[in-house]
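Everything on this sheet refers to the single structure shown next.
What you are looking at is a predicted structure, and each value in this text was computed from that prediction instead of being measured. Both ligands and their constituent atoms are indexed starting at 1 by order of listing.
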Amino acid sequence: MKTSRLLIAALLLAPAWAASPTEPVRSLSREILKELIEINTTDSVGSTTVAADAMRKRLLAAGFAPEDAVVLGPNARKGNLVARLRAAHAGGAKPILIIGHLDVVEARRADWTTDPFLLVEKDGYFYGRGTQDMKGADAIMVTSLIRFAHEGYRPDRDIILALTADEEGGTSNGVDWLLKNHRDLVDADFALNPDSGGITTERGKPVDVEVASSEKLYADFELRATNAGGHSSLPVADNAIYHVADALGRLERYVFPFELNAVTRAYFDGLAHVESAQNAADIHAMLAQPPDTAAIARLGRVPQFNALVRTTCVATRLEAGHANNALPQSARAIVNCRILPGHSAEEVRLELVGIVADPTVSVRHVSDSTNEVSDHAPMAKALAPVALRKDVLDPLERVAAQFWPGAPLVVDMETGASDSRFTNAAGIPSFGFSGLAVDRDDVRAHGKDERLPVGSYYDGVEFYYQYLKALTGRTAR
Ligand SMILES: [Zn+2]
């Protein structure tokens, strides 16, 4: 009796250890990832429509009705896929929305070791533009929906998947466009956005499971100085390049004020349990009242920590002059800022004016959707963190514990900005979780030789399949 009960317990626990998908699922998910990586979806020459159509074709083949998998967008090159797995019964809870962007950052073959638009498996990694950001997660979502369709699984509420255009750049952001033009297609109780959050590992060992419930506000500013110009053999003191260079030097030395919010405070508090002794001590000293400035400075050497405790502004582009032998008529720099919740872009622009401290250098806002330059920046403040929801986070924590045992769940603030800014602003609380494990020092999103551990990808495939079932199972939640 005792042994059989133990056996039953073991059998019940068995799926918890079966963290690896079966071979057919692995090959399906790999095929989908390969197809997505190899369709160029950059803003310059690519098309998200081609990728959206390819995913639609797969969903139709798996049994989705044509009206439940549609591709639509503002123009031929910026298509978005919206797919809906219908609930067993209509009239239940509002749907769950999953958003994922299909576009990727530009990648030049010459900069990369492998072709960025080929999926290459090498040394335990998948290489290719978008493996981390975020075709890996897109492929995981499509794989999950196809598995559900094959099984005839009917959730207790609709699951909507929107794979969209222009998160990274371009002027046709798909989430924004869908919310404005087809709200009925994407309206939901809450959204999951696997563009952020995830499992942080150190040499493959899970450190924590991070869910993003807040993010910084993105803003670009142009610093510009203009001069009459003239012959470079007759230099004058008033030189546009020197003005802008000096302004950037002052920005380099400026440290934006330290500030914590409810989410970052809780995040660091949780992190203290898994960090090294020195970092843990510094975190405690930083959280104390008043916060210890030396501890803040030490932690600030880690770019991730620094970005969590302050607004950051950094020079990202520079252009000036028109000839080697002419005095510059203009000099221009772009400064990219990531603004803490509760502050607006205009507030930061005024702060930059103070830092630049040179009336000959104008500080103007550059719209990231239209590239328009204007004297003032938007007054809208970065959104406050969304309220945490047990019905979203409890199943996530439970399922994640089977895949990344021992790694605590922490809710954090994204230092970047994602499409969650649109869903959150539209009243659809959004949670960022990629389901992918990436080493802390191997974040290559937007960079060269972007890659994802093969094992991390397959864990993500299985995780999301199980998590979505846990969220939408008709039995115990
Ligand atoms: Zn992304």
Side-chain angles (χ1 to χ4, degrees), residues 32-33 36-37 39-44 46-48 51-52 55 78-81 97-107 116-117 119 126-142 161-179 191-200 210-220 303-304 307 316 336 338 368-369 382 412-425 430-440 442-452 456-457 460 464:
I32 296 172
L33 177 63
L36 282 177
I37 297 287
I39 296 171
N40 188 324
T41 54
T42 58
D43 183 40
S44 59
S47 163
T48 58
M55 295 303 105
K78 302 291 186 180
N80 308 289
L81 169 72
L97 170 66
I98 304 164
I99 55 175
H101 65 82
L102 286 168
D103 61 314
V104 291
V105 170
E106 308 290 334
F117 297 101
L119 183 74
F126 286 129
Y127 285 83
R129 172 55 92 220
T131 45
Q132 280 190 10
D133 186 12
M134 64 170 293
K135 286 176 169 172
D138 295 338
I140 284 171
M141 296 308 170
V142 174
L161 173 64
L163 297 180
T164 61
D166 280 8
E167 193 274 341
E168 302 289 5
T171 55
S172 304
N173 182 282
V175 174
D176 189 28
W177 187 84
L178 287 168
L179 285 164
L192 299 172
N193 180 3
D195 197 18
S196 58
I199 303 89
T200 297
E210 298 180 12
V211 178
S213 87
S214 177
E215 50 186 50
K216 291 174 104 176
L217 181 70
Y218 179 107
D220 288 321
Q304 174 73 14
T316 53
N336 177 249
R338 306 301 179 121
D368 61 318
S369 56
D412 77 344
M413 179 182 73
E414 270 304 298
T415 53
S418 74
D419 281 338
S420 293
R421 69 189 194 272
F422 298 112
T423 42
N424 276 325
S430 307
F431 300 90
F433 188 66
S434 70
L436 297 169
V438 174
D439 259 17
R440 181 177 280 172
D442 202 38
V443 176
R444 299 188 181 195
H446 300 195
K448 68 172 281 226
D449 294 343
E450 185 178 345
R451 67 181 187 177
L452 183 67
S456 166
Y457 178 63
Y464 255 106

ask   = Any donor and acceptor pair, going by atom type alone, linking the side chain of Arg129 with main-chain N or O of Lys448 inside 3.5 Å?
value = no

key: Test applied, side chain to side chain donor-acceptor pair (under 3.5 Å); reference residue, Ser418; option that passes from Asn424, Asn193, Asp195, Thr423   = Asn193

key: N/O/S atom of Glu167 inside 2.8 Å of the Zn ion (ligand 1), strictly under   = no

query = What is the name of the N/O/S atom in Asp195 that sits closest to the Zn ion (ligand 1)?
reply = OD1

message = Please identify which of these residues, Ile37, Asp133, Val105, Val443, meets the side chain to side chain contact (heavy atoms under 4.5 Å, CB included) condition with Glu450.
response = Asp133

Residues forming a side-chain contact (heavy atoms from CB on, under 4.5 Å) with Ala437, sequence neighbours excluded = Ile199, Thr201, Trp404, Ser456

query = Which is the closest N/O/S atom of Asp133 when seen from the Zn ion (ligand 1)?
reply = OD1

